[in-house]
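Read through the structure below, which is laid out as structure tokens, and then see the notes.
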Amino acid sequence: MLTLLLILFPALAATVTLLLKGDTAKRVAITAAMLELVLAAWIFGRFTPDAQSQFGFDYPWIGALGIRFSGGIDGISILLVLLTGLLVPLICLSAFRQNYSRPNSFYALILFMQAALMGVFTARDAFLFYLFFEAALIPIYFLAAIWGGANRVPVTFKFFIYTIFGSLFMLVALVYLYYQTPVPHSSAITDFYNLNLTPSAQGWVFWAFFIAFAIKMPVFPFHTWQPDTYVESPTPATMLLAGIMLKMGVYGVIRFILPIVPEGVDTWGMTAAILSVIGIVYGSIIAIRQRDMKRLIAYSSFAHVGLMSAGVFSQTAYGVQGALIQMLAHGINVVGLFFVAELIFDRAKTRQLDQLGGITRTTPKLTALFMIIMLGSVALPLTNGFVGEFLLLKGVFDYNNYLGAFAGLTIILGAVYMLRMFQKTMFGQPSANTQSFADLTGSEAWVLIPLVIFVFWMGLYPASFLKLTEPAVTNLLQYVK
Amino acid sequence: MLPIILLSVFGIALLFLGFAKSKAILLPATLLFIVVAGVSSFADWGKTYMYFNEMLLSNNLSIAFTTIVLLSAFMVVSLSSSFLEDEAAQPAEYYAIMLFSLVGAIMMIGFENLIMLFVGVEILSVAMYVLTGSDKRNLRSNEAALKYFLMGAFATGIMLFGMALLYGATGSFVISDIRAYASSAQTLTSPLLLFMGMLMVLIGMLFKVSAAPFHFWTPDVYEGAPTLFTAFMSTVVKTAGFAALFRLLSVSFSGIYPFWGMILTVITVITLLVANLTAVYQGSFKRMMAYSSISHAGYLLIALTAIGQQSKGALVFYSLAYSVATIAAFGVLLLVNRHQSGEGRTTDESYDAFNGLARQNPLLGFVMAVSMLSLAGIPLTAGFWGKFMVFTTAADKGIIWLLVVAVLMSAVGIYYYFRVIIAMYLRDGQTSAIRVAPFYKYMLIAATILTIVLGVVPGIIQGLV
């Protein structure tokens with residue numbers, strides 16, 4: 001039942017927000033997001049670490065077709081539920097600094113987005129999953145297209161068509177799988193795990209799913225929508241996209257591809273893993289060459305998600321576990337980085353690295369918090385990025401040594417572009433734009449502080465997260481063998 | 001069978017009401033008549049009856065289609081208040097013709113005898129020719145009516161010829177007799193007469209529902225006809241046409257699927273490709289909607305091509321979702337155009353007419369956006385489940401490649417439907433706040449709510465029929 005509340009409450013709050021005006025709408029939205037966080041934290045605290053789906057709900061939905069309105073939280077969902085619950089209030093808070101026009105629509109769309117994301121991560125019925133997967137696209141499209149930058153219309157349109165095009169393939173696969181279940185047909189995801197598909201069917205179902213999720217993540221070469229969309233979107237939408245939405249892709253691979261088409265993964269998993277590793281190296285090299293801060297973070301995000309994808313396709317417990325924890329860590333880091341990029345842009349009126357510098361002299365608080373988050377992103381030991389990246393690389397090495405070696409470049413290249421960005425913005429001589437750079441205000445600091453707490457918590461004591469996911473991952477990998 | 005009788009009587013009554021001094025009574029009277037007819041159709045709910053010497057069948061499926069047709073008519077009529085302001089219009093006649101056309105539609109939905117099908121098609125078509133040309137002083141409207149009439153009459157002729165051949169082959173107009181004959185046709189040495197007859201009847205019907213390659217009239221006619229009647233045409237005619245096609249294919253020709261299955265598959269694919277790819281290049285919203293209507297005919301044809309257990313449920317749901325969204329979209333276009341002419345601007349039916357609409361008119365923007373999302377088949381709207389159910393029929397039959405074509409084409413569809421949304425929300429325009437009459441507004445809101453409710457809980461009507 002709590003899961004249902006997790007989905008319905010933000011949707012309800014969004015409707016209320018939509019009807020309000022001005023600052024009231026903002027306050028209602030953030031209050032609702034905080035309550036949702038409390039709920040998510042409560043679920044996180046009460047979660048029993050076993051392979052069972054918990055806090056569930058289950059109602060008939062389309063009776064004639066045997067499709068059920070069913071959801072619950074298991075070890076694979078739990079961290080993403082926590083991530084969604086944690087980030088949305090911070091995203092709302094970070095948006096307070098800007099005076100977006102029509103705040104009621106703006107915050108309502110964020111909350112609608114949250115409802116859809118919660119739905120994606122908790123759905124136990126394949127068609128319900130698909131419904132939320134697509135529904136999440138509508139609010140983010142409007143957020144990016146209405147409040148975005150100058151070039152927003154064509155960019156967001158491309159993003160929308162691109163992603164929906166991909167997920168339609170998934171729809172074909174889902175409908176096909178649904179008809180492979182024994183009569184009366186069922187669309188419960190776990191029922192898809194026990195199908196006996198022919199190798200050729202496994203092959204094309206694999207690709208139908210993979211294209212949908214690869215566009216979402218994005219994996220090379222399906223990433224062309226991503227940098228432009230991240231740059232043109234308003235920062236809260238970018239945070240939603242990079243922080244939570246791309247996890248839908250990784251989550252989908254874990255939830256659908258691995259257990260449903262294990263033979264398909266056997267045949268094509270290497271191709272997918274190679275594409276992912278190409279993405280890591282390619283994204284990192286482009287990130288090193290970037291001069292625009294927001295674009296740099298966008299490419300870094302592309303590189304990081306490549307590693308998660310490669311880890312998942314290694315089909316090892318390390319890889320999947322690593323991907324799950326890295327999704328949480330990356331969500332936290334990337335939101336922090338985008339927030340800092342926005343702060344700097346607002347004060348210096350530029351995001352070009354060569355026009356920045358010397359900020360650190362007047363901003364002790366910003367420097368400290370930015371540096372911690374940046375180091376988390378570089379995956380320094382004792383920060384959150386390290387745990388996930390270590391497990392992922394271990395998984396990829398176990399799968400294939402050469403692939404692991406290339407994927408390992410992420411450690412070096414990641415440090416290069418992140419430290420370069422930090423150095424160019426924070427150190428050196430102040431430029432004309434950064435002469436009188438003000439330090440963080442209270443509410444700005446309060447966006448970053450919770451993130452920093454998580455950077456350390458996950459870095460110092462990852463067991464509190466890993467132990468929740470482990471039984472579910474072990475259970476899932478049984479279908480792979 | 002009450003609705004047929006009632007609607008005929010009501011139509012005549014409306015003509016007399018036209019003599020009344022105040023024309024204000026016409027609109028509520030028409031709405032009332034439609035509601036009464038709709039309610040009366042439920043008298044037979046749950047039972048299966050034959051009427052008029054086994055000429056017409058009434059069962060839950062026919063009642064469901066009847067309800068959709070009457071609901072569409074109700075919505076269109078309730079958007080017609082502008083008639084009463086237009087001096088040249090003759091509302092009593094228009095309303096009466098609409099009611100008569102509904103009689104034809106209901107005959108098509110429940111026919112048991114090919115004669116009844118022919119009479120129904122003719123009643124509906126002739127009414128449509130007249131309504132298309134009802135904007136007498138407008139050259140385009142006249143041209144559209146003439147074009148529609150000439151081509152429509154030709155198609156009807158082909159269909160009638162086909163019926164004659166079927167009669168020659170089987171010795172009966174009753175569709176169950178035709179089925180009995182067709183099921184044994186494999187043993188016959190010369191099935192040519194039967195097949196030719198069937199093909200010609202199908203061509204006639206496919207023309208009426210504007211499936212490619214018999215669709216060439218559609219864009220011109222939809223564009224030329226007054227918007228209100230375009231809405232009527234694209235919903236009522238389509239629903240009735242598909243109900244009739246379903247009866248033909250599921251009853252009379254069910255035994256010879258291998259013969260028509262291939263033909264219909266080809267037509268479905270052509271329809272989907274032609275409609276969606278052409279719609280992309282349209283500059284006029286109304287023409288885009290015409291091609292959209294053709295493309296939806298293509299999706300509905302999938303349910304017939306892959307005819308099976310779930311086809312009828314899919315057809316009912318799809319027709320309903322499509323009709324509601326289409327009428328709401330045309331309703332907004334009507335308002336925008338009237339607003340333009342009210343301000344002394346020339347009426348503009350291109351996408352630009354919607355530029356910046358949502359800024360000053362959030363409600364209209366929302367109604368239009370939901371309609372477009374539903375037509376595009378985006379989840380949480382009724383259109384998604386319509387497409388979903390149609391797609392499942394194809395998967396059930398194992399025709400995966402058809403499913404892939406349909407899916408690709410719905411991705412194309414998103415492109416042209418979203419152009420409207422982009423115009424409304426992201427472009428700057430000069431549309432000021434549009435005044436909407438309360439009843440009109442409630443109608444649009446109701447359509448939007450229906451679309452969303454069906455999108456969230458599709459189970460409420462699935463399984464009824």
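This structure is a prediction, so every number in the text was calculated from the model and none was measured.
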Sort [X] into side chain, backbone, both or neither according to what part of it lies under 4.5 angstrom from a heavy atom of chain B.
{"X": "A/Leu137", "answer": "neither"}
{"X": "A/Ile164", "answer": "side chain"}
{"X": "A/Phe157", "answer": "side chain"}
{"X": "A/Ile161", "answer": "side chain"}
{"X": "A/Phe142", "answer": "side chain"}

- Task: Quick one: which residue pairs count as a salt bridge (charged side-chain N to carboxylate O under 4.0 Å, His left out) with a foot in residues 383-403 of chain B, not counting sequence neighbours?
- Result: none
Any chance you could measure [X], atom [atom1], to [Y], atom [atom2], to the nearest 0.5 Å?
{"X": "A/Ile138", "Y": "B/Thr381", "atom1": "CD1", "atom2": "OG1", "answer": "7.0 Å"}
{"X": "A/Leu171", "Y": "B/Leu403", "atom1": "CG", "atom2": "CG", "answer": "7.5 Å"}
{"X": "A/Ile146", "Y": "B/Ile422", "atom1": "CD1", "atom2": "CD1", "answer": "11.0 Å"}
{"X": "B/Leu373", "Y": "A/Glu134", "atom1": "CG", "atom2": "CD", "answer": "11.5 Å"}

Can you confirm whether [X] is buried at [atom1], in the sense that more than 12 heavy atoms of other residues, nucleotides or ligands lie under 6.0 Å from that atom?
{"X": "A/Lys21", "atom1": "NZ", "result": "no"}
{"X": "A/Trp268", "atom1": "CH2", "result": "no"}
{"X": "B/Phe366", "atom1": "CZ", "result": "no"}
{"X": "B/Tyr257", "atom1": "OH", "result": "yes"}

- Query: Which residues in residues 409-420 of chain B have a heavy atom less than 4.5 Å from any heavy atom of chain A?
  - Reply: B/Ser410, B/Ala411, B/Ile414, B/Tyr415, B/Phe418
- Message: With a 6.0 Å cut-off on the ring centroids, do A/Phe127 and B/Phe384 count as close?
- Response: no
- Item | Interface residue of largest heavy-atom contact number with chain B, from A/Phe169, A/Phe69, A/Phe160, A/Tyr176, under 4.5 Å | A/Phe160
- Can you check whether B/Pro458's main-chain N or O pairs, donor with acceptor, with A/Trp61's side chain at less than 3.5 Å? no
- Item | Distance-minimising heavy-atom pair for A/Val153 and B/Arg427 | CG1-NH2, 4.3 Å
- Of the non-hydrogen atoms in B/Ala395 and A/Val175, which two are nearest, and what is the gap between them? CB-CG1, 3.2 Å
- Note on the structure: In terms of heavy-atom pairs under 4.5 Å with chain A, the winner among B/Tyr425, B/Phe391, B/Trp385 is B/Trp385
- Under 4.5 Å from any heavy atom of chain A - which part of B/Leu426: both
